[in-house]
Amino acid sequence: MSSLKTSGLHIHNLHVAYQNGQLVLGGMNLELPEHGIYTVIGPSGSGKSTLLRAIAGLLPGYGGELLFNGRPVHDRDTLIGLVPQNYGLLPWKTVRDNLRIAMNIARPGRGSRHRQEQDRQITQWLASMGIAELAGRYPLSLSGGQQQRVAIARAFAIRPTILLLDEPFSALDAITREGLQQMFIRNWQAHPVTALFVTHDVEEAILLGQKIIVLPAGQQEPPELVDNAGVFGMKHEDKRESQEYFEQSKRIRKVMMEKW
Ligand SMILES: Nc1ncnc2c1ncn2[C@@H]1O[C@H](COP(=O)(O)OP(=O)(O)O)[C@@H](O)[C@H]1O
Ligand SMILES: [Mg+2]
């Protein structure tokens, strides 16, 4: 019980092994401040999804401590939003109902007078991702990029305590991805939820994180934390062309060469 008073997400000595006994995470430590956003990058199989699953409470067991503001993350009042790579939308529900259902599950027991206000909020969240006009459509009638916008709008709409994103844009083409990165970070700036954003894309890691957590290929080694405040503080449109971005890219690639 090292630092119970730490605010934000506190990961202490996290161990995860799957049933076959293979150790996937071997004692990870990490501090993510409240309202902070860190990106996580690591080679395939390094345990990125496992880390998010542990935090989301989707693993049957793990060792170590997961605390948010000093309390176990799996307490009832910690609401965790997870955006997977494959959107995770309910195909038989409209876009609007996908948001509504998630909001009702997150905060149950609101009366019908609440409905109008909720509809207004749903429209706003969809508009923030540029898809207000798709509210009545069904997910499978949408492109991958549009479905992922719905998934991001839904993740913000439930106003989670912690937002976890597992390579949310990796199935999208480069141009679509750039548009979504920009919309995502604008939404985060307006509503800075504590977030961990997993990616296997160095560029995305530098564009979206205040710090970049580089997971090693070997489970016994600690992750390397790279400060990214210089790039993070810039206007999003200017990041890619900047000298800081270029330097950071070199720095991260060097760490990858050493660790992967
Ligand atoms: N449900 C599972 N059962 C057994 N092994 C798993 C399971 N999920 C993942 N693994 C293994 O754990 C390791 C880490 O997987 P994962 O967290 O998905 O990595 P990443 O997301 O970084 O690619 C891999 O070796 C993978 O094969
Ligand atoms: Mg994964």
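Order of appearance sets the numbers: ligands from 1, and atoms from 1 within every ligand. Sequence positions, counted from 1, serve as the residue numbers for this chain. As a basis for the values below, the full set of heavy atoms in this structure was taken, side chains included, without hydrogen atoms, waters or symmetry mates. Predicted, not measured: the structure shown is a model, and the values here were computed from it.
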Quick one: does G42 get a heavy atom under 4.0 Å from ligand 1?
-> no
Could you go step by step and tell me if W125 and H191 meet the ring-ring contact (aromatic ring centres under 6.0 Å, His included) rule?
-> CA-CA 11 Å; W125 286 115; H191 308 274; 4.7 Å; yes
Among protein heavy atoms, which sits nearest to atom 18 (O) of ligand 1, and what does the distance come to when rounded to 0.1 Å?
-> S49 CB, 3.7 Å
Shortest protein heavy-atom distance from atom 10 (N) of ligand 1, along with the residue and atom involved = Y18 CE1, 3.3 Å
Please check if atom CD in E133 has more than 12 non-hydrogen atoms from other residues, nucleotides or ligands closer than 6.0 Å.
-> yes
Minimum-distance protein heavy atom relative to atom 19 (O) of ligand 1 | G47 N, 3.2 Å
Any atoms of ligand 1 less than 4.0 Å from a non-hydrogen atom of P43? List them with their elements.
-> 22 (O)
May I ask you to say whether D166 pairs ionically with R53, meaning some side-chain N is under 4.0 Å from a carboxylate O?
-> no
Going by an N to O cut-off under 4.0 Å, is there a salt bridge joining E203 and R240?
-> yes
Atom 16 (P) of ligand 1 touched by protein (heavy atom, under 4.0 Å) | yes
Step by step, work out the side chain to side chain contact (heavy atoms under 4.5 Å, CB included) result for T39 and V198.
-> CA-CA 6 Å; T39 43; V198 164; over 6 Å; no
Counting backbone and side-chain atoms alike, does S49 have an N/O/S atom under 2.8 Å from the Mg ion (ligand 2)?
-> yes
Those atoms of ligand 1 less than 4.0 Å from some heavy atom in R53 = 8 (N)
With a 4.0 Å cut-off on heavy atoms, is Q22 touching ligand 1?
-> yes
Main-chain N/O of M183 paired to W188 side chain as donor or acceptor, under 3.5 Å | no
Could you find the nearest protein heavy atom to atom 23 (O) of ligand 1 and give me its residue, atom name and distance?
-> G45 N, 2.7 Å
Can you check whether a protein heavy atom sits less than 4.0 angstrom from atom 26 (C) of ligand 1?
-> no
Please verify whether a non-hydrogen atom of Q19 lies at under 4.0 Å from ligand 1.
-> no
Give a yes or no on whether Y18 atom OH has more than 12 heavy-atom contacts from other residues, nucleotides or ligands under 6.0 Å away.
-> yes
Of all protein heavy atoms, the one nearest atom 12 (O) of ligand 1 is V24 CG2, 3.3 Å
Decide yes or no on side chain to side chain contact (heavy atoms under 4.5 Å, CB included) for T176 and F169, but give the supporting numbers first.
-> CA-CA 9 Å; T176 305; F169 304 148; over 6 Å; no
Salt-bridge contact E258-K254 (side-chain N to carboxylate O under 4.0 Å) = yes
Which ligand 1 atoms, with their elements, are less than 4.0 angstrom from a heavy-atom of T50?
-> 14 (C), 15 (O), 16 (P), 17 (O)
